[in-house]
Amino acid sequence: MRAKLVLGNWKMNGGVASAEALLAAVREGAAGLAGVQVGVCPPFPYLGLAAARLSGSRVTWGAQDVCEHDDGAFTGGVSARMLADLGCTHVLVGHSERRTLFGDTDEVVVRKAARVLAAGLVPVVCVGETRTERESGATEAVLARQVDAVCAMLAPAGERCVLAYEPVWAIGTGLTATPQQAQDAHAFIRSRLAAGGVAAAPRLQLLYGGSVKPSNAAELFSRPDVDGGLIGGASLVAADFLAILGAAAHRG
Ligand code: PGA
């Protein structure tokens, strides 16, 4: 049985005061929940704050991106080793905003995920199709390309990886994949990982992301291959994020 995992992706939002308030609310609200792993991914400047405020709680914290290099002259870069030093557990790689706005290719995504694994952290590799790709029937071909890219790297260490299916057309749009669309994509991703030599595929947590809200979380999480969620906008509102955590926890 795979444990449920819900991660909040704060993106580039908030300031010190709102980060303090959100960390405190999530820490307190998550304390009473069983059966769900919880994490938040604040912007880089607030990771130290997360480390301090979440210490000793059941809430972990992660980063939204990482440099593909280890150390050296990479101005502005943050290495996986630095994140590990700080106590991060998860690192998002290949989020569609990084792919489309910052030019992260499949090759860059693989290099970043490899750094994350080498640092002893869990990469959360994000995949997903655009609206045009879905409408032209190319969803599986796109997912296959993105998943195949990471298979070779994951095959020996796949146990420590999470994949997030985030259809680009559902991110921040209010449009959510139906539970069946999510389940179909997750089942496809899992079978593709297995076919690519990732023996741990049946045990990997696959998260759904894209306009998850308190009103649709329980139904999405009830599908057999949906092991939790990567939550954007709703993770910035403590009550909404806690309600989504509750939906995952109740599924037991
Ligand atoms: P959303 O974002 O929940 O605001 O759609 C999800 C994500 O981008 O991770």
Side-chain angles (χ1 to χ4, degrees), residues 4-14 18-19 22 25-26 36-44 46-47 50 59-66 88-104 109 112-113 116 122-131 133-134 139 142-143 146-147 150 161-179 181-182 185-186 189 205-221 223 226-248:
K4 313 300 175 304
L5 170 65
V6 176
L7 296 175
N9 173 12
W10 293 7
K11 308 194 181 184
M12 197 174 75
N13 289 295
S18 62
L22 201 43
V26 173
V36 58
Q37 298 168 354
V38 186
V40 292
C41 300
F44 284 130
Y46 308 138
L47 287 179
V59 183
T60 59
W61 62 96
Q64 298 173 16
D65 188 38
V66 68
C88 272
T89 54
H90 293 79
V91 182
L92 309 185
V93 291
H95 189 282
S96 72
E97 287 149 20
R98 300 296 318 179
R99 290 179 190 260
T100 57
L101 303 174
F102 298 90
D104 283 11
V109 170
K112 288 184 173 185
V116 174
V122 178
V124 180
V125 179
C126 304
V127 299
E129 81 287 0
T130 63
R131 179 195 284 273
E133 288 163 344
R134 175 162 284 269
T139 297
V142 171
L143 294 179
Q146 294 174 335
V147 171
V150 289
C161 181
V162 171
L163 267 81
Y165 169 59
E166 298 207 305
V168 180
W169 49 272
I171 295 177
T173 59
L175 297 172
T176 314
T178 65
Q181 285 173 326
H186 285 222
I189 290 167
Q205 291 166 311
L206 303 186
L207 309 184
Y208 169 78
S211 298
V212 179
K213 318 178 248 260
S215 58
N216 60 25
E219 219 194 325
L220 285 161
F221 298 162
R223 297 300 157 129
V226 180
D227 306 312
L230 180 54
I231 319 300
S235 74
L236 297 169
V237 180
D240 287 355
F241 189 58
L242 292 173
I244 292 167
L245 292 179

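Each ligand, and each atom within it, is numbered from 1 in the order the structure gives.
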Visitor: When only distance counts, is Ser211 in polar contact with ligand 1, meaning an N/O pair under 3.5 Å?
Guide: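 It does: an N or O of Ser211 is found under 3.5 Å from an N or O of ligand 1.
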Visitor: Using heavy-atom distances only, which candidate in Gly229, Ala164, Cys41, Gly172 approaches atom 5 (O) of ligand 1 most closely?
Guide: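 Nearest heavy atom to atom 5 (O) of ligand 1 lies in Gly172.
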Visitor: Checking side chain to side chain contact (heavy atoms under 4.5 Å, CB included) between Ile244 and each of Val36, Val6, Leu220, which is the one that passes?
Guide: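 Output: one option passes, namely Val6.
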Visitor: Just jot down the ligand 1 atoms closer than 4.0 angstrom to any heavy atom of Ala170, in number order.
Guide: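 Matching atoms, with element in brackets: 5 (O).
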Visitor: Knowing that exactly one of Leu5, Thr89, Leu245 qualifies, which makes a side chain to side chain contact (heavy atoms under 4.5 Å, CB included) with Gln37?
Guide: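 Going through Leu5, Thr89, Leu245 one by one, the side chain to side chain contact (heavy atoms under 4.5 Å, CB included) with Gln37 is satisfied by Leu5 alone.
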Visitor: What is the distance from atom NZ of Lys4 to atom CZ of Phe221, rounded to the nearest 0.5 Å?
Guide: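 It is 10.0 Å, given to the nearest 0.5 Å.
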Visitor: Which of the numbered atoms in ligand 1 are under 4.0 angstrom from any heavy atom belonging to Ile171?
Guide: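 Near Ile171, the atoms of ligand 1 are 2 (O), 5 (O), 8 (O).
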Visitor: Got Cys41 and Trp10 here, is their nearest side-chain heavy-atom distance under 4.5 Å?
Guide: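 With C-beta onward as the side chain, the pair stays apart.
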Visitor: Which heavy atom of the protein is the closest neighbour of atom 4 (O) of ligand 1, given with residue, atom name and distance?
Guide: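 Going atom by atom, the protein heavy atom closest to atom 4 (O) of ligand 1 ends up being Gly233 N, 2.8 Å.
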Visitor: Pull out every atom of ligand 1 sitting under 4.0 Å from any heavy atom of His95, numbered as shown with elements.
Guide: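 The list of qualifying atoms is 7 (C), 8 (O), 9 (O).
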Visitor: Examine Gly232 against ligand 1 and note whether any of their N/O atoms are separated by less than 3.5 Å.
Guide: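 Min N/O separation from ligand 1 is below 3.5 Å for Gly232.
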Visitor: Is the closest heavy-atom distance from Gly210 to ligand 1 below 4.0 Å?
Guide: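 It does, in that a heavy atom of Gly210 comes within the 4.0 Å cut-off of ligand 1.
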Visitor: For atom 9 (O) of ligand 1, what is the nearest protein heavy atom, given as residue, atom name and distance?
Guide: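 Sorting protein heavy atoms by distance from atom 9 (O) of ligand 1 puts Glu166 OE2, 2.7 Å first.
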Visitor: Nearest 0.5 Å, what's the CG-CG distance between Leu230 and Leu207?
Guide: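 One gets 6.5 Å once the value is rounded to the nearest 0.5 Å.
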Visitor: Using 0.5 Å steps for rounding, measure from the CG atom of Asn9 to the CD atom of Glu166.
Guide: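 Asn9 atom CG to Glu166 atom CD measures 7.0 Å (nearest 0.5 Å).
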Visitor: Find all atoms of ligand 1 within a distance of less than 4.0 Å from any non-hydrogen atom belonging to Lys11, and give their numbers and elements.
Guide: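 Result: 2 (O), 7 (C), 8 (O).
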Visitor: Using the ring of each side chain (for Trp, its six-membered ring), is Tyr165 parallel, tilted or perpendicular to Tyr208, with breaks at 30° and 60°?
Guide: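 The arrangement is tilted - the two ring planes meet at 30° to 60°.
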Visitor: Can a side-chain donor-acceptor contact be found between His95 and Gln64 if the only test is distance below 3.5 angstrom?
Guide: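 Judged by distance alone, the side chains do not pair up.
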Visitor: Regarding ligand 1, does Ile231 bring an N or O atom to under 3.5 Å of one of the ligand's N or O atoms?
Guide: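 No, since none of the N or O atoms of Ile231 sits under 3.5 Å from an N or O of ligand 1.
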